[in-house]
Novice: 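Could you have a look at this structure, given as structure tokens, before my questions?
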Amino acid sequence: MARITAGVACSHVPAIGAAVDLGKTEEEYWKPLFKGFEYSKEWIKEHKPDVIFMVYNDHCTAFDASVIPTFALGCAPEFKPADEGWGPRPVPVVKNHGVLASHIAQSLILDEFDITIMNEMEVDHGLTVPLTLMYGQPEEWPCLVIPLAVNVVLYPAPTTNRCYQLGKAIRRAVESFDEDLNVVIFGTGGMSHQLQYKRAGLINSDWDNMFMDKIVNDPVAASQIPHIEYLREAGSEGVEMVMWSVMRGALDEEVELKHRFYHVPASNTAVGHLIMENKAA
Ligand code: DHB
Ligand code: FE
């Protein structure tokens, strides 16, 4: 049986990808950020997921205002890094576990989560930066990846509770797949950041840390956070944090916290990172 053994929360700031791609990780500005991921690189090397289920958001790369799927599940055989304006990132093509992805699509839809099936999709920094933070710069990604793109760019975004419940349905889908697979689920995005208008540059470390406490220790309370709170406290892009609740919903209510890291600044964004294991794993 396939099992979800752990969850990883991780910001996906594009400048982090550029820092790695351009060889800047040893610069004073970036050093403390990458130090926070040293444990994580060791952890994932030992934990060896067969499949990463990557909950991320597309930033008007694969989708624009003409098509706005709330939840889009990647069912294509592979996903090429997208050209985000400076050319595609020099990272490996992301390979899918196509049979598991199709099984999850069927299970979710029959479980009344009507996701969109993507048989073709390019992936942007929302997906590739977390892989880079965990795996560095390999020739090939060491595991298969199933992407789930969540709309947090154009309102209405899904509610936090819908995301949390979807996480539970993803767990039911994975755990009804009849192949021994170690699956790790990622929730990406956040933390506090606002990229435009009067509050551009907003960071709220108190709120970010409160959110991290909640997502680890009281995921049900975290699942009740309304959009207006992300906007008010964490800036207009803080709504990306709903994706952490998809990840959290796929884990036990009580988890073992393996790693917690918080860092400001990275570009315009507060970076948050958690590794949680299911106790039975
Ligand atoms: C930044 C952060 C993001 O999450 C993103 O998607 C784009 C830009 C930033 O901090 O610059
Ligand atoms: Fe983003």
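First listed ligand is number 1; within each ligand, the first listed atom is number 1.
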Novice: With a cutoff of 4.0 Å, is H12 in contact with ligand 1, counting heavy atoms of the residue only?
Specialist: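 Yes, H12 has heavy atoms under 4.0 Å from ligand 1.
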Novice: So that I can tick it off, tell me whether R171 and D252 are bridged by a salt bridge, with the cut-off set at under 4.0 angstrom between side-chain N and carboxylate O.
Specialist: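 Between R171 and D252 there is a salt bridge, with a charged N closer than 4.0 Å to a carboxylate O.
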Novice: Who's the nearest protein heavy-atom neighbour of atom 11 (O) of ligand 1, and how far?
Specialist: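 Scanning the protein heavy atoms, the shortest distance from atom 11 (O) of ligand 1 goes to S267 OG, 2.7 Å.
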Novice: Would you call K24 and E27 a salt bridge, using N to O less than 4.0 angstrom?
Specialist: no
Novice: Mark up the atoms of ligand 1 that fall under 4.0 Å of a heavy atom belonging to T269, in ascending order.
Specialist: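 Reading through ligand 1 atom by atom, the close ones are 1 (C), 2 (C), 9 (C), 10 (O).
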Novice: At what distance is the nearest protein heavy atom to atom 3 (C) of ligand 1, and which residue and atom is it?
Specialist: H193 NE2, 3.4 Å
Novice: Any side-chain donor paired with an acceptor under 3.5 Å for T5 and N278?
Specialist: no
Novice: Any salt bridge linking K80 with E78? Criterion: basic side-chain nitrogen under 4.0 Å from a carboxylate oxygen.
Specialist: yes
Novice: Going by an N to O cut-off under 4.0 Å, is there a salt bridge joining E254 and K279?
Specialist: yes
Novice: Mind checking whether the Fe ion (ligand 2) has an N, O or S of E237 under 2.8 Å?
Specialist: no
Novice: Without swapping roles, check the side chain of T61 against the backbone of H59 for a donor-acceptor pair under 3.5 Å.
Specialist: yes
Novice: Output the list of atoms in ligand 1 that are nearer than 4.0 Å to some heavy atom of H125, sorted by atom number.
Specialist: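 Ligand 1 atoms under the 4.0 Å threshold to H125: 5 (C), 6 (O), 7 (C).
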Novice: Contact between ligand 1 and P14 is defined here as a heavy atom of the residue under 4.0 Å from a ligand atom; is it met?
Specialist: yes
Novice: Please confirm whether the ring centroid of F37 lies under 6.0 Å from the ring centroid of H263.
Specialist: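 Judged by ring-centre distance (under 6.0 Å), F37 and H263 do not meet the cut-off.
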Novice: For N/O/S atoms only: which one belongs to E240 and is nearest the Fe ion (ligand 2)?
Specialist: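 Distance check against the Fe ion (ligand 2) picks out OE2 in E240.
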Novice: Going by the order shown, which atoms of ligand 1 are within less than 4.0 Å of some heavy atom of N268?
Specialist: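 Once the distances to N268 are compared, the set is 9 (C), 10 (O), 11 (O).
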Novice: With the Fe ion (ligand 2) at the center, what angle do NE2 from H59 and NE2 from H12 span, rounded to 10 degrees?
Specialist: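 The angle at the Fe ion (ligand 2) comes to 90°, rounded to the nearest 10°.
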Novice: Which heavy atom of the protein is the closest neighbour of atom 6 (O) of ligand 1, given with residue, atom name and distance?
Specialist: H59 NE2, 2.7 Å
Novice: Is any NZ, NE, NH1 or NH2 atom of the basic residue among D218 and R248 found under 4.0 Å from an Asp or Glu carboxylate oxygen of the other?
Specialist: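 No, no charged N to carboxylate O under 4.0 Å.
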